[in-house]
Amino acid sequence: MGRAGCCCRGAERLASPSLVRRFRPVLLLILALCCGVHIGQCQVATPQCRIQKCTTDFVSLTSHLTPAVDGFDTEFCKALRAYSACTQRTAKSCRGNLVFHSAVLGISDLMSQRNCSRDGPTSSTHPEVHHEPCNYHSRTQHAHTQSHTHTHSHSHTHSHAHTHSHANSHVRPGYLFCGLFGDPHLRTFKDSFQTCKVEGAWPLIDNDYLSVQVTNVPVVTGSSATATNKITIIFKPYEGCTDQRVYQAVTDDLPAAFVDGTVSSGDPSHTSAGADGGIGKVRALWISERSPGRHVELHAGYIGVTVIVRQLGHYLTLAVRIPEEMAQAYDATQDLQLCLNGCPSGERIDRGGHLPLPPPALGLQLQQPRRLGQSSQTQAFSYSAPRGFGVEGAQERCREQLEVQDIYFHSCVFDLLTTGDANFTAAAYSAQKDMESLHPHRDRWRIYPRGSAIASHPDTHITRFALLLLCALSLVLI
């Protein structure tokens, strides 16, 4: 009684330093299942163990960080060191607690992955808020702080309102993700994954702050599949921060500048940490060229938007991260947005989440010239594809870069069978990595095709059974 514990008897000994290293995968899996199903049996049992507070502070310090932005590693390492220091302060009261020991292991692993030194500056869990009007994150923090301060002054007469505002003062703004790649495959703000025709110019995003339009052209003769060869992005004027800027990329022309030749806009007022740990000022809107002619990133700090544009083979890919409140700032005349509402039903190639594969011989047909006596179906295709793929060959090629057979893997197979162009493998891989870099919710990263055995989520009873099985395993190991 009174000791911190988890769902399994004996877990305290299992979590001892000598056995933790040996059975780390089992420990982390048990913890993930406990927390994932929210059955409450892995919660800290004593008020003295403050590991939950340490974890909450770490999430608060890192939830707004974006890996694609310069200075991410520096800020993330500072947050990790603060997290580590917090666990050290509560180590004595958390002795034997599985959540605590798992957190310590996780911190160590993350520090190794990010090459973080143990010594160095740490993030403050109560940082001083500097109001930067052209920094979206600073602006929203300042708004919450002002709301909290205003409500606090009336706390004696409005105690309930004070409590509500205090909670909101720690809320981070919600972000959304949208991506487009391949033939083309669209991942909407709602994490709906669709494969569409959408030939010609179509708006992905169109709100009061940002417009993104793509132009798609047919990939092969006789197929309804298209791919993106032009992307136009309009950053609309924002008073005090930037005037309008237009970025345009087309196949074989991925510039590191806006159409007017500039590479940034606005006064240098947005504070950012550089890769060397130094703090500097950047403009409200700027372009970062990561690989000349292949990979460009656009950062609109004043509205919290990050856009990644790539060229793989002959076609372009796009990934966008945007605050939810910005994405929702549109009127009835702007409702045709593929990122927001998906493709019109008549433009869908997939069938409600199921992506039908083209005929296995299609890739082979594409590389051969038409001959007399061929069927009309075969004659509908040209021979322009660089090589052909059967189903097994396409799967093998995609598996070289995409280990998890989620929707990105299946999209890769679809594209290879449709086009015979191996560059679509790199497009699917890069799209997946960009999604992992920008998507704010890790638990939503993986999407599996409808009907896939992996896609069916276990119900509560099955999950609890697996949890009991792992608990039994831990007893055997002891």
Side-chain angles (χ1 to χ4, degrees), residues 178-188 192-206 211-233 248-254 308-320 336-359 362-363 365-367 377 380-389 394 398 407-432 434-435 449:
C178 181
L180 187 77
F181 70 98
D183 271 354
H185 309 288
L186 170 71
R187 183 167 183 154
T188 71
S192 171
F193 203 99
Q194 305 174 359
T195 299
C196 311
K197 294 178 287 186
V198 289
E199 182 178 348
W202 289 79
L204 290 185
I205 299 172
D206 185 17
S211 291
V212 179
Q213 179 176 281
V214 296
T215 301
N216 303 313
V217 294
V219 179
V220 291
T221 305
S223 171
S224 59
T226 65
T228 304
N229 73 343
K230 182 178 180 180
I231 295 173
T232 303
I233 304 170
Q248 189 170 93
V250 297
T251 295
D252 297 329
D253 184 14
L254 195 66
I308 299 177
V309 181
R310 297 179 186 264
Q311 177 172 336
L312 286 310
H314 297 293
Y315 303 104
L316 307 176
T317 70
L318 181 82
V320 181
L336 181 58
Q337 302 183 51
L338 301 192
C339 283
L340 187 68
N341 298 314
C343 299
S345 58
E347 297 289 332
R348 296 277 294 271
I349 295 177
D350 66 294
R351 300 167 185 166
H354 175 68
L355 185 60
L357 294 179
L362 176 59
Q365 292 168 348
L366 291 174
Q367 69 174 356
Q377 180 180 2
F381 302 103
S382 72
Y383 58 90
S384 59
R387 62 165 296 181
F389 287 94
C398 293
I407 195 65
Y408 289 90
F409 172 85
H410 288 273
S411 297
C412 172
V413 173
F414 176 89
D415 291 351
L416 291 189
L417 291 175
T418 301
T419 69
D421 186 350
N423 287 307
F424 282 99
T425 305
Y429 174 79
S430 296
Q432 185 183 69
D434 290 342
M435 178 275 297

Worksheet item: Quick one: does Asp415's side chain get under 4.5 Å of His185's, heavy atoms only?
Response: yes
Fill in: OG1-NE2 distance between Thr419 and His314, expressed to the nearest 0.5 angstrom
10.5 Å
Worksheet item: Can you check whether Trp202 reaches Pro344 side chain to side chain, under 4.5 Å on heavy atoms?
Response: yes
Worksheet item: Which value, rounded to the nearest 0.5 Å, describes the distance between Gln311 atom CD and Asp253 atom CG?
Response: 9.0 Å
Worksheet item: Can you tell if the side chain of Ile205 reaches within under 4.5 Å of the side chain of Leu340, non-hydrogen atoms only?
Response: no
Practice prompt. Find the distance between OG (Ser411) and CG (Asp183) and round it off to the nearest 0.5 Å.
Written response: 9.0 Å
Worksheet item: Residues two or more places apart in sequence or in another chain: which of them pass side chain to side chain contact (heavy atoms under 4.5 Å, CB included) with Asn229?
Response: Thr215, Val217, Thr251
Item to complete: For side chain to side chain contact (heavy atoms under 4.5 Å, CB included), just list the numbers for Val309 and Leu254, CA-CA rounded to whole Å, side-chain angles, deciding distance to a tenth of an Å, and then say yes or no.
Response: CA-CA 8 Å; Val309 181; Leu254 195 66; 3.4 Å; yes
Discussion item. Below 30° counts as parallel, above 60° as perpendicular, anything between as tilted: where do the rings of Phe181 and Tyr408 land?
Written reply: parallel
Worksheet item: Looking only at heavy atoms, what is the nearest atom pair of Ser192 and Gln194, with distance?
Response: OG-NE2, 3.3 Å
Discussion item. If I take atom CG from residue Asp421 and atom CZ from residue Phe389, how far apart are they, to the nearest 0.5 angstrom?
Written reply: 8.5 Å
Worksheet item: Roughly how far, to the nearest 0.5 Å, is the CG atom of Leu316 from the NZ atom of Lys230?
Response: 11.0 Å
Fill in: Heavy-atom closest pair, residues Lys197 and Ile349
CG-CG1, 3.7 Å
Worksheet item: Between the side chains of Ser211 and Gln213, does any donor sit under 3.5 Å from an acceptor?
Response: no
Item to complete: Taking the side chain as every heavy atom from C-beta outward, state whether Tyr315 and Phe424 have any atom pair closer than 4.5 Å.
Response: yes
Worksheet item: What is the minimum heavy-atom distance between Ala225 and Thr418, and which atoms define it?
Response: CB-CG2, 3.8 Å
Item to complete: State, with a plain yes or no, whether a side-chain heavy atom of Pro184 is found less than 4.5 Å away from one of Val198.
Response: yes
Worksheet item: Which pair of heavy atoms, one from Cys343 and one from Arg348, lies closest together, and at what distance?
Response: CB-CD, 4.0 Å
Worksheet, complete the sentence: For Asn216, the side-chain hydrogen bond (donor to acceptor under 3.5 Å, both in side chains) test, sequence neighbours excluded, returns Thr228
Discussion item. Would you say that more than 12 heavy atoms from the other residues, nucleotides or ligands in this model lie under 6.0 Å from the CZ of Phe409, or not?
Written reply: yes
Worksheet, complete the sentence: Closest non-hydrogen contact found for Ile308 with Asp434 is CG2-OD2, 3.6 Å
Worksheet entry | Validation row: Leu204, Leu318 side chains within 4.5 angstrom (heavy atoms) | yes
Worksheet item: Are any of the side-chain heavy atoms of Thr232 and Val212 separated by less than 4.5 Å?
Response: no
Worksheet item: Of all heavy-atom pairs between Ala394 and Leu416, which one has the smallest distance, and what is that distance?
Response: O-CD1, 3.8 Å
Worksheet item: Which distance, rounded to the nearest 0.5 Å, do you find between the CG of Leu186 and the CD of Glu347?
Response: 12.0 Å
Item to complete: Could you tell me whether the side chains of Thr226 and Glu199 share a donor-acceptor contact shorter than 3.5 Å?
Response: no
Fill in: Under 3.5 Å donor-acceptor, Ser430 side chain and Ala427 backbone
no
Discussion item. Side chains of Cys178 and Thr188, heavy atoms from C-beta outward: is any pair under 4.5 Å?
Written reply: no
